[in-house]
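Below is one structure, written out as structure tokens, with a few remarks after it.
Numbers restart at 1 for each chain; the letters A, B, ... are given by sequence-line order, proteins then strands.
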Amino acid sequence: MVNKITRPVSLTEKPFHYCPGCTHGIIHRLVGEAIDSLDIRERTIGVASVGCSVLTYEYFNTDMQQAAHGRAPAVATGIKRVLPDRIVFTYQGDGDLAAIGTAEIIHAAARGENITVIFINNANFGMTGGQMAPTTLPGQITTTSPAGRNTDTAGYPIRIPEMLATLTGPAYLSRVSVHSPGQVKKAARSIEKAFAYQLAGKGFSLVEVLSTCPTNWKLKPEKALDWLKQNMLPYYPLGEFMDIGEEVL
Amino acid sequence: MTAKLMKGNTALGEAAIQAGCRYFFGYPITPQTELPEYLAKRLPETGGVFLQAESEIAAINMVYGAAAAGGRVMTSSSSPGISLKQEGISYIAAAELPCVIANVMRCGPGLGGIQPAQSDYFQATKGGGHGDYRLIVLAPDSVQEIYDLTLTAFQLAHDYRNPVMLLGDGLLGQMMEPVRTYQPTETMPTDSPAWATTGCEGRKKRIVNTLYLDPPKLEEHNCRLQEKYATINDREQRAEAYRAEDASVILVAFGMAARIAKEAVDMARSKGIKAGLIRPITLWPFPQRILQQHLDTAKALLTVEMNTGQMLEDVKLSVNGEVPVHFYGRSGGMLPSSQAILEKIVQLWEVQPNG
């Protein structure tokens, strides 16, 4: 039997450090496959964020820069303005992008910066031990919302692609999930489309990927997938929120 | 070449263009705004990029990305804005990327005011952001020297792969003086440096990173940075000595305060008082050696600053107790007057006449 599933060339051989059941590994693979598929590895520069995904600079087999918490879109802007013919992407978690980096993501999108943002939403700050994030669901227990997120005092979760869709700058905004094989396939298409838009010079693209955090959710991997499906999907609907609709793939 | 009348901030912008700077990321703040305004017009004319960021924080992180991508890049701001840039500056220093940061100082702390001051000396020379790092800090005292030192700043940033800060004050930025413009004699290579992240075609991937989770590796990185700083300290100390050869009372002042101090030295000399001035041009590395060379005749030192006594500490460290060090400063946007400085010189001279 021939094993047709090989590691994407756009990923290094280095084993991921992620916790068992965390879906970062799947998403890394999807990004790597998209870069392979478009044959852009040698002209791509990635920007790693702060958080669990900080070590992405070790995993993607492309040139990489590591940015301060939340600042990846600004760093990506600097790279893209110097090297407009290269492909620049950021890989950011929700603590990074939706809290400390809110200004940077909004303005990169508003400028229509021709970059691609892979935004991982696992509804908490994973790296620092499971604190409440802007994406934490109402009532969700975290270490800093021990009684469950109280929307009276802590406000409501932010839906990033919907918010960015009010702007004129973005070319493509979507939300996908990786909780089932079917959804993984859809996520793959969306991520490739986001890169393809950049390649075609169409402007800012962002894919939010709903992701699991079994360790901080204190759930077994399979239960974490169920939790995502049951709790995150109702609040974070999947779909494309902006698509300039041009055929780029 | 004939000199042109230029504003300090504009001269800085034009010198950056001549130094090959093609990327500017900034955010408006008084009293430096003429600089981004000038570059907003000039950079596109040279095929470069001007981008007004959403904040100082974003601007300095754009500088980080651009520098790592091999671009010759600059940002500018004024005191409260520079405070916001400190996070990025620490990262740029850690990643050893070349860039120039202009700080046209206003008075603080907090929002302070918009009048000139020199109260960011500590922040500029002692780190400012987190971690053990140094910026090369250059302090011009005229519009011509703003031009000259801007060229030097880009060269030093390139040579040492280190951020360089041009530290002036609002008065220098706003004043107009004749400037002889020219291109730098040494031109830096324009092709992409061997460490830049430009896409890995035909080579192994590169990483620009400031994270070292392994303590021995981070210590090694810190030690290597310190070795670089030691080399810079050894090679790059710069200062102007003004009538200091036989001086009994030596003033130490930089930037605009030095301009006023020079006038006070001349007034003292006309009274037969042996006064002189050492004007640090590099604030880091502090020109300790040059100061020490003039201590033989000195009976007293007088540090003059537009703050409440910051460079004073470096002067005291440099002198190491050999000569008493006194201080005169104004803050809040107030300028020291040459008459007030003269009165201090006279007091010190009368205490220690001719040794």
Interface moiety of [X] toward chain B, non-hydrogen atoms closer than 4.5 Å:
X         : result
Ala68(A)  : both
Leu55(A)  : side chain
Arg111(A) : side chain
Arg86(A)  : side chain

Tell me, for [X] versus chain A, whether the close heavy atoms (under 4.5 Å) come from the side chain, the backbone, both or neither.
X         : value
Leu51(B)  : side chain
Arg22(B)  : neither
Ala196(B) : backbone
Tyr91(B)  : side chain

So, do [X] and [Y] sit near enough that their side-chain heavy atoms are less than 4.5 Å apart?
X         : Y        : result
Lys80(A)  : Val49(B) : no
Glu104(A) : Ile57(B) : yes
Phe25(B)  : Arg81(A) : yes

Looking at Asn209(B) and Gln66(A), would you say the former's side chain and the latter's main chain have a donor-acceptor pair under 3.5 Å? no

Quick one: does Glu201(B)'s side chain have a donor or acceptor within less than 3.5 Å of a partner on Glu42(A)'s backbone? no

Over 12 non-hydrogen atoms of neighbours within 6.0 angstrom of [atom1] in [X]:
X         : atom1 : value
Glu186(B) : CD    : no
Gln226(B) : CD    : yes
Tyr229(B) : OH    : yes
Tyr212(B) : OH    : yes
Lys14(A)  : NZ    : no
Ile114(B) : CD1   : no

Under 4.5 Å, counting heavy-atom pairs only, tell me which of [options] racks up the most with chain A.
options                                 : answer
Val63(B), Thr210(B), Leu213(B)          : Thr210(B)
Gly202(B), Ser55(B), Ala58(B), Gly71(B) : Ala58(B)
Gly48(B), Gly88(B), Ala66(B)            : Ala66(B)

Among [options], who wins on heavy-atom pairs under 4.5 Å with chain B?
options                                 : answer
Val50(A), Val54(A), Thr62(A), Thr77(A)  : Thr62(A)
Val82(A), Leu83(A), Ile45(A)            : Val82(A)
Ile79(A), Val75(A), Val88(A), Ile40(A)  : Val75(A)
Thr44(A), Asn61(A), Thr12(A), Ile106(A) : Asn61(A)

Would you name the heavy atoms of Ala68(B) and Gln65(A) that are closest together and state the gap between them? CB-NE2, 3.1 Å

List the atom of Cys200(B), the atom of Arg41(A), and the distance in Å for their closest heavy-atom pair. SG-NH1, 3.4 Å

About how many Å separate CD of Glu58(A) and NZ of Lys205(B), when rounded to the nearest 0.5 Å? 6.5 Å

